[in-house]
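Here the structure is laid out as structure tokens; the discussion comes afterwards.
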Amino acid sequence: MEDLKTILIELEERLFQPDVRSSSTELSKLISDDFIEVNASGLRFGKVNVLERLPTEIAPEITARDYELRMLGLDCAQLLYQAEVLKNEQLSPTYSHRCSIWRRSSSGQWQMIYHQGTTCTPL
């Protein structure tokens with residue numbers, strides 16, 4: 001399970017990288033067609049919206065820690081962690097508890113199917 005945890009952390013952190021966030025092609029590889037995101041404000045987005053929005057944004061600096069992996073099935077896993085996010089226009093970071101659900105396709109590729117971040121006090 002530690003190997004899978006390492007793989008999913010690497011995939012998760014690829015989504016933090018400006019070159020990946022600015023590429024619809026790279027995002028499409030990491031995000032499933034049935035992807036759902038619920039942001040800190042409670043708004044819900046699908047893959048199409050994410051592919052339209054992320055490439056146009058200036059990528060924030062994201063630092064993550066305290067990863068926890070939970071298996072939800074043979075080919076489905078939940079990654080929980082804490083994040084510190086510093087956006088370009090902000091002077092101080094925001095903090096959140098985050099949850100991503102990853103599913104392995106029949107080809108063996110892991111893709112994110114769900115993501116949620118909940119704002120919290122500084123970590």
Side-chain angles (χ1 to χ4, degrees):
M1 196 150 108
E2 281 302 310
D3 289 344
L4 177 58
K5 183 177 180 182
T6 299
I7 290 167
L8 293 182
I9 289 171
E10 288 174 4
L11 292 172
E12 187 84 32
E13 291 184 353
R14 287 197 65 216
L15 289 164
F16 301 170
Q17 300 170 6
D19 60 322
V20 173
R21 293 174 75 90
S22 65
S23 169
S24 294
T25 302
E26 290 301 311
L27 290 170
S28 286
K29 291 177 188 175
L30 293 167
I31 297 173
S32 176
D33 288 342
D34 59 347
F35 173 79
I36 294 172
E37 175 181 353
V38 178
N39 73 5
S41 301
L43 298 175
R44 183 176 159 161
F45 303 100
K47 181 176 182 175
V48 171
N49 182 270
V50 171
L51 294 179
E52 290 172 352
R53 181 177 42 98
L54 279 188
T56 65
E57 295 178 350
I58 297 173
E61 286 182 41
I62 303 173
T63 305
R65 66 179 197 201
D66 298 332
Y67 283 100
E68 177 186 344
L69 178 67
R70 296 177 59 213
M71 294 306 298
L72 303 178
L74 290 175
D75 294 314
C76 189
Q78 179 183 49
L79 195 60
L80 301 158
Y81 62 99
Q82 298 173 350
E84 178 178 318
V85 179
L86 183 60
K87 293 185 179 178
N88 189 38
E89 69 279 359
Q90 291 179 322
L91 297 176
S92 58
T94 58
Y95 301 88
S96 57
H97 294 286
R98 294 187 171 203
C99 165
S100 295
I101 298 176
W102 293 83
R103 179 178 59 211
R104 183 171 36 205
S105 69
S106 58
S107 67
Q109 178 180 339
W110 286 93
Q111 289 187 305
M112 186 183 289
I113 62 170
Y114 180 82
H115 181 77
Q116 183 167 354
T118 304
T119 305
C120 64
T121 57
L123 307 170

Inset, instruction - Decide yes or no for R14 and K29: does some side-chain heavy atom of the first lie under 4.5 Å from some side-chain heavy atom of the second? - result: no

Legend entry - Minimum heavy-atom distance K47-I31, with the two atoms named: NZ-O, 2.9 Å

Inset, instruction - Spell out, as yes or no, whether a donor-acceptor pair under 3.5 Å connects the side chain of K5 to the backbone of Y67. - result: yes

Inset, instruction - Compare all side-chain heavy atoms of I62 with those of R21 and state whether any distance is below 4.5 angstrom. - result: yes

Inset, instruction - Would you please name every residue forming a side chain to side chain contact (heavy atoms under 4.5 Å, CB included) with P93, sequence neighbours left out? - result: E84, L86, Y95

Inset, instruction - Check whether any side-chain heavy atom of Y114 lies under 4.5 Å from a side-chain heavy atom of V38, and answer yes or no. - result: yes

Inset, instruction - State, yes or no, whether a side-chain contact exists between I7 and R104 at a heavy-atom distance under 4.5 Å. - result: no

Legend entry - Interatomic distance, R98 atom CZ to T118 atom OG1 [nearest 0.5 angstrom]: 10.0 Å

Inset, instruction - Classify the side-chain pair E13/Y81 by whether it contains a donor and acceptor separated by less than 3.5 Å. - result: no

Inset, instruction - Count the heavy atoms of every other residue, nucleotide or ligand shown that sit under 6.0 Å from CG of L43, and state whether that count exceeds 12. - result: yes

Inset, instruction - Identify which one of L27, I101, I36, L15 satisfies the side-chain contact (heavy atoms from CB on, under 4.5 Å) criterion when paired with M112. - result: L15

Inset, instruction - Might you confirm whether atom CD of E61 has over 12 heavy atoms from other residues, nucleotides or ligands at distances under 6.0 Å? - result: no

Legend entry - Value rounded to 0.5 Å, distance of CD in Q82 from CG in D66: 4.5 Å

Inset, instruction - Side-chain contact test, heavy atoms from C-beta onward, threshold under 4.5 Å: evaluate it for D19 versus E26 and give yes or no. - result: no

Legend entry - Gap separating the OG1 atom of T94 from the NZ atom of K87, nearest 0.5 angstrom: 6.5 Å

Legend entry - Non-hydrogen atoms of Q111 and S32 that approach each other most closely: OE1-CA, 3.7 Å

Legend entry - Separation of I58 CD1 from N88 CG (nearest 0.5 Å): 4.5 Å

Inset, instruction - State, yes or no, whether a side-chain contact exists between D34 and R103 at a heavy-atom distance under 4.5 Å. - result: yes

